[in-house]
Structures are given as structure tokens and as C-alpha cells.
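The following block contains the structure, expressed as C-alpha cells.
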Amino acid sequence: MIEKEVDVLVIGSGAGGGTVASELSSLCREGLTIAVLEQGPRLSREQFTGRELEMARTLYADSGGYLTKDMSMALAFARTYGGSTVVYTGTSLKIPEAVVKRWSVPDLNYQDLMDRSDKHMAANGVHPLEPDKLNDNNRLFRQGCDKLGYRVQQFPINVRGCRGAGVCNFGCPNGAKQGTDRVQLPAAEAEGVQVVTGCRAIRVGPGWCEACVSRPATGLDPIWEPGDYRIRARAIVISGGAVHSPALLAHSGMSDSLPVLGRYFTAHPALILVAQHDREITNYHGHPKSYYCDQFVESRKFLLETCMYFPFTTAKYLVGYGPDHSRMMSRMDRLQMILALAIDPPRWENRVTADGNGKPMVDYRLGPEVLDALHQSMRTAARIFFASGARRVHAPGGRKFFIEREEQDQIDSLIPRSGIRTGKVGVASAHLMGGCRMGRDSTDSVTDSHGRIHGVPGLYVADASLFPSCSEINPYVTIMALADRVADSVRHDLPELRHS
Amino acid sequence: MTTVLSESQVRFLLFLAEAIVPEVGDLDDTGRRSCVAIIDQALQDRPPPLRRKFIFFLSALRWTPVFRHGVPLDSLRGEALNAALDWFQDCPLPLVRKGFWGLKTLIFMGYYGRPEVGEAIHYTPSFSGNDFLEGNCRD
């Protein structure tokens, strides 16, 4: 076992960990040492090839298909220098005030979150994409929503010099997306923070962490030699994301003292909905995600966003097989896509645990309210597709593979609620939240509003696992705002914290 | 050559692949090998219990039709084959539906995960995709 000692240890390098590292990096000037442990590899620019299977295997846990325990939902989360900020589309929204009110976390102030969100959105170059860079897939969605009178808004995104490669979900080959891999981590490293890739945290406790460094199959060598480590730190910030952070704490034996640990996991369960046009449209060229429709968030509990996925991903989320499926897939250049996300309620029984080896297990049940939301989202998306001129629509829970334009007045009967059957309809999630929720004390939460784990001085959480319920929008700006608060609390607490 | 599936399992998988993606039937030997290699790699990457479940499901898929049709699945053709596959896809047991979804996923991965499929399905992305937008956007 190799011994290491640092002042601050951050586990994870995504929106949470990258932000904490960057915010605390000035401490290096005072002689303090900070290390970030990242399980995934660090790639050179040339290694972002945009090839679907290759990049999915390199960047994502289980190639992006990490299954929940009952195998009804596939979770996508990244493991690489920059975490999931490498593979999202860069959509940057601030959390709605109503959601923060519902969280009712003592001492968590909405305006404070907005100020911190603004700060990080400015640092990451967030702005709406210029109109001449919007492709047909996005413009058609806006037109469809406008025609139906649905509220539609443009996403601000965090890109600089976007060339429209369209493969955001596999890391930007042009380096345009301003995730923590491009902004916060390089800034932190410039101040002296060490980022150790290929390093898996195995267990943590007050003032210590056991970890294992190994050479990744792809990417640059880690800056620490391969081997088993015991790292002592005055403060440890866990930012492994909503799957890994609760699992790491559970594997470290904290479930008894923190009964809420791993509970209230939420995921914005999502469907990929696809329509075909009579003609070619621009869809896979250009940024894939420019608009969203939040008209139905309160009333029907779903959010619609534009999206454009890749051949295999698209194929697997169409229900069915055979000639109809092939017909749809044979013209990728005619496809319009919408991502429907359900606003899922926080449930005690939806939970992250760890198996004997520390591997996270996600126990999540797609409840009736989620299936209702997904069902309604399919009907609404079908209307938007037709309003934007689509020839035929594929609804995963539909009575037939295609609903033709001439049948659009029968949408309700052609997409029955009974068609939404788990296992048959492929449900995915990339917005993983909860499991270390903030709150008052250990009876209702895992941390306080500053990410301090109840009863364990010097141990913090800074990622989406802090969310008491789902954010109802793309979560990364909120993760950064919360991580910024956690960094403040670490800075405040450090003088009182000693190496154990 | 696969590390997870036996030769007979590969043959059965290719039979299913052709039913699920008819274009698999048009692939030459190299294309089929590439398809199988992708599936094999995906199975290798998965935990052993999941691999075992998948192989068990393949066997169940093959032999369950004996009870209804008197022959294994790979002896069925046309409507009878589609009816059998539809039964698995819509099975009242969620576990069977999930197994069928997993099978389809692997087959789609094998076929649509090959970089060379792009031309055939009109999918030719570019790292400078914005160049293609000029003059192409229609309102």
C-alpha cells in the first residue's frame, strides 16, 4: 500500500469535482496540496474519434448502458477526465425557483444559487447558438411547437468555436465544448492541483481514502504509478456522481449512520422519439440540441428537448424489428428526433447501494406516474412531429410501428397507455440525481446544505447526488453552483481540520 | 472466433440477426464476422452473471417454440417466425421482454455499430458539420 498525504482530496472530476478543484486551487499558492482522483482515462484530442461504439466504450460506464437492477432502464454516465461534462451537449439552464422551494433545504438560498450559476455560466462561455448554426432537426421542432402554441425556448450552451461535429455525446473532437476538462481542471492544474486519472476510490472514512491506480486501456498514463494507495487528507470531497458517490459511502460502511444514504435516487427517465420526413433534413450536422419545450412540466410531468443520436443508439430505442425498423433506419438523413424526459418523484425505494466489491447497484422502479408522463410525452411529441411536416412517426408504445401523416387525428387511440410496457419500450437516463440528498440532519438527509456529511467532519459531497429531488431541467449548472458552495465550506472548515 | 459464444450459439445468433435486421443477410463473411465480433466484445465487457443470463435466454428463445410449433425457433420461417418473436417482445413476463430487448440491442450494436454501415443508411457525419448547414436549412 503506497501512502500519500494531501490537504484536500476530491474524488471525481466532473461538474462537481472539477468545480471544487478549481475553486480551491488558489490554496496551492499557500502551500496546500490538492489531488483529484478520476476513475476514467485522460484522452488526447486525437482520441476523440466520434465513432459510436469506440467512444462509448472508452468514455462511459458499461458503454453507456449501465442497467438498473431490474434491467428496465439504461443509465449513461461518463468516466473520464472531466466526467460527464465531456459527454453532455453543453445545455446550460439554471434551476427553476419552484424546484428549490420544493427542496426546502434549510439555509439553501435561491438567489445564492443563481449568483453562483451565473458565475460558472460566464466562465464556461454559455450563450445561445447563432441562428445560422441551427440545423433543420432543431428548427423543425421549434416550428412544430410554435404551430401548436407550445412554449419553446432555445438552450444556452457552453461552447466556444463550435464547428457542429454533432457528436457531443462522445466528447467534442474540436475541443469546443467548455466542460470541466476544458475550463476548471486545466485552471486547477495550472495552480498545482494534481489530477490522477485511472484512479478508483475504493473506501473513504474521516481523513482517509483507499484507492487503486491502474493504466487505462486507452488514454494517457496516470500521473501516479499504478498500485494501491492509502491517502490521508484533511478534507475529502466526494464528487463521483449520483451513482458512484452513494455507492462509495455505502461500501465504506456508512449506511447505518446515514439511513437516507442512496435513497431518493431520481433519473429523468427518457424516451428517444423519432419521425421520418419525405426529404433529407440537416440533423446529424450541427449542434444536436438547441430547443426545449417545458410547457408540460407542471401539468403532465415531462420535458421535451431536441436531440440527434447515432445509428446504434437510435436503432435500439425503436420498438420492433424487421423490415419496418430497417426502413426507418435506412434514411438517417431524414430523421427528426425528440427526447422526452419524465419528471420523476423522489421515492424512498429508488436507491443506490453497493455490492461486495463496491460496484454500484441501482434499484429503480419505473412507477405509474413516470409511465403516465412518458405516455403523454409520446402523444405530444407525435403532434409536434406532424406539425413540423413529418411523413411518419414512430411511437415506441404505439399500436403500429409507424403512424402515418394521414392518421394523425388518431394519435390518442394509436398510442394507448397500455403500450408503455417496461422491457418492451427502451428507457434511458443521463440525468442521475439524489442519493446523498441535502437536508436538516441524518434522519432526513445525508449532508447539510453545504455538502457536509452529517456526523463525519471533513467529509463532503459535491455533485448531483445532493439534489433532494430531480432538478426538472438539465442539471449540470446546478451541480456547479452547489459545488461552488461546497468549496466555500471546505475553505471555511479547513483551519479546524487536521490530518488524522 | 468468439470467446463468449459457442459456434452453434453464433449460428443461432446470426439467424436471429437476419430476422431482426434483414440486411444482415446481405453481408459477406467479413461483415458477418465483424458483426459477431462486436457482439462478442460487448458480452465480454459485461459482468459474468449478465453473460450467463444472456446465454440462458438464447437457449430459452431457441427451444420455447417447440411447445407451440413443435420445432425450435431456427426452424421457423416467415409469419410463424415473426409471430414467435412478437410473442417474446410482448410477453406478459417483464423479464422475457427485457431479455428480448437485450438481444435486439446486441444485434443492433453488431450491425449499426460497424463504422462502414454509415453510407448505407445515409449517415456521413463530419467534424466540421456546420459547413453543411450553409444553404441547407429550410424553413
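Letters go in sequence order (proteins before strands), and every chain restarts at 1.
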In terms of heavy-atom pairs under 4.5 Å, which option from B:Val96, B:Asp90, B:Val21 contacts chain A the most?
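Sorted descending by pairs with chain A, the first entry is B:Asp90.
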
Largest heavy-atom contact set with chain B, pairs under 4.5 Å, which of A:Gly50, A:Ser63, A:Gly164, A:Ser72
A:Gly164

Less than 4.0 Å between a side-chain N and a carboxylate O, is that true for A:Arg365 and A:Asp70?
no

What's the separation between atom CD in A:Gln276 and atom CG in A:Asp333, rounded to the nearest 0.5 Å?
9.0 Å

Candidate list B:Leu103, B:Leu81, B:Leu106, test side chain to side chain contact (heavy atoms under 4.5 Å, CB included), partner B:Leu16, passing option
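For B:Leu16, the side chain to side chain contact (heavy atoms under 4.5 Å, CB included) check succeeds only for B:Leu103.
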
Taking the six-membered ring of B:Tyr111 as reference, does the NZ or CZ atom of B:Arg114 fall below 6.0 Å from its centre and within a 45° cone about the axis?
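Here B:Arg114 passes the 6.0 Å and 45° test against B:Tyr111.
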
Top contributor to chain B contacts, counting heavy-atom pairs under 4.5 Å, from A:Met332, A:Lys133, A:Arg51, A:Lys359
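Of A:Met332, A:Lys133, A:Arg51, A:Lys359, A:Met332 has the most heavy-atom pairs under 4.5 Å with chain B.
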
Considering only heavy atoms, which portion of A:Asn174 lies under 4.5 Å from any heavy atom of chain B: side chain, backbone, both, or neither?
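The side chain, not the backbone.
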
If one checks every heavy atom of A:Phe310 against chain B at 4.5 Å, the contacting part turns out to be both

Measuring heavy-atom distances to chain A, does B:Ile107 have an atom under 4.5 Å in its side chain, in its backbone, in both, or in neither?
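Neither part.
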
Answer with side chain, backbone, both or neither: which region of B:Pro125 has an atom nearer than 4.5 Å to a non-hydrogen atom of chain A?
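The answer is both parts of B:Pro125.
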
Hey, which of B:Ala120, B:Pro22, B:Gly113 has the most heavy atom pairs under 4.5 Å with chain A?
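Between B:Ala120, B:Pro22, B:Gly113, the count favours B:Pro22.
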
What part of B:Gln41 lies closer than 4.5 angstrom to a heavy atom of chain A: side chain, backbone, both or neither?
side chain

Portion of B:Tyr123 that has a non-hydrogen atom of chain A nearer than 4.5 angstrom
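Contact with chain A is through both the backbone and side chain of B:Tyr123.
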
Using the ring of each side chain (for Trp, its six-membered ring), is A:Phe170 parallel, tilted or perpendicular to A:Tyr60, with breaks at 30° and 60°?
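Ring orientation, 0 to 90° scale: perpendicular.
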
Any donor-acceptor pair under 3.5 Å linking the side-chain atoms of A:Thr282 with those of A:Asn135?
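No, because no side-chain N or O of A:Asn135 sits under 3.5 Å from a partner of the opposite role on A:Thr282.
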
Measuring heavy-atom distances to chain B, does A:Asn283 have an atom under 4.5 Å in its side chain, in its backbone, in both, or in neither?
neither

Among A:His325, A:Glu54, A:Arg334, A:Met71, which residue forms the greatest number of heavy-atom pairs with chain B at distances under 4.5 Å?
A:His325

Of A:Gly166, A:Cys162, A:Gly65, the largest count of non-hydrogen pairs under 4.5 angstrom with chain B goes to A:Gly65

Based on non-hydrogen pairs under 4.5 Å, which of A:Lys316, A:Arg57, A:Glu52 is most in contact with chain B?
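Of the options given, most contacts go to A:Arg57.
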
What option among B:Leu95, B:Ile38, B:Asn130, B:Leu85 has the most heavy-atom pairs under 4.5 Å with chain A?
B:Asn130

Centroid-to-centroid, A:His394 to A:Phe402, below 6.0 Å?
no

Tell me the closest heavy-atom pair linking B:Arg46 and A:Asp62, and the distance in Å.
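Scanning both residues completely, I find the closest heavy atoms to be NH2-O, 3.3 Å.
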
Give me the ring orientation class for B:Phe12 and B:Phe15: parallel if the planes are under 30° apart, tilted from 30 to 60°, perpendicular past 60°.
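Geometry flag for B:Phe15 against B:Phe12: parallel rings.
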
Who among A:Pro173, A:Ala74, A:Gly286 has the most heavy-atom pairs with chain B under 4.5 Å?
A:Pro173

Please determine, among B:Asp45, B:Val117, B:Asn82, B:Thr124, the option with the most heavy-atom pairs under 4.5 Å with chain A.
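Top option by heavy-atom pairs under 4.5 Å: B:Thr124.
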
Please verify the inter-ring angle class for B:Phe100 with B:Phe88; under 30° counts as parallel, over 60° as perpendicular, anything in between as tilted.
parallel

Please look at A:Leu318 and chain B and tell me whether the side chain, the backbone, both or neither of the residue comes under 4.5 angstrom of a heavy atom of that chain.
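Only the backbone of A:Leu318 comes within 4.5 Å of chain B.
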
Donor-acceptor check, side chain of B:Ser6 to backbone of B:Gln9, threshold 3.5 angstrom: yes or no?
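A pair under 3.5 Å: yes.
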
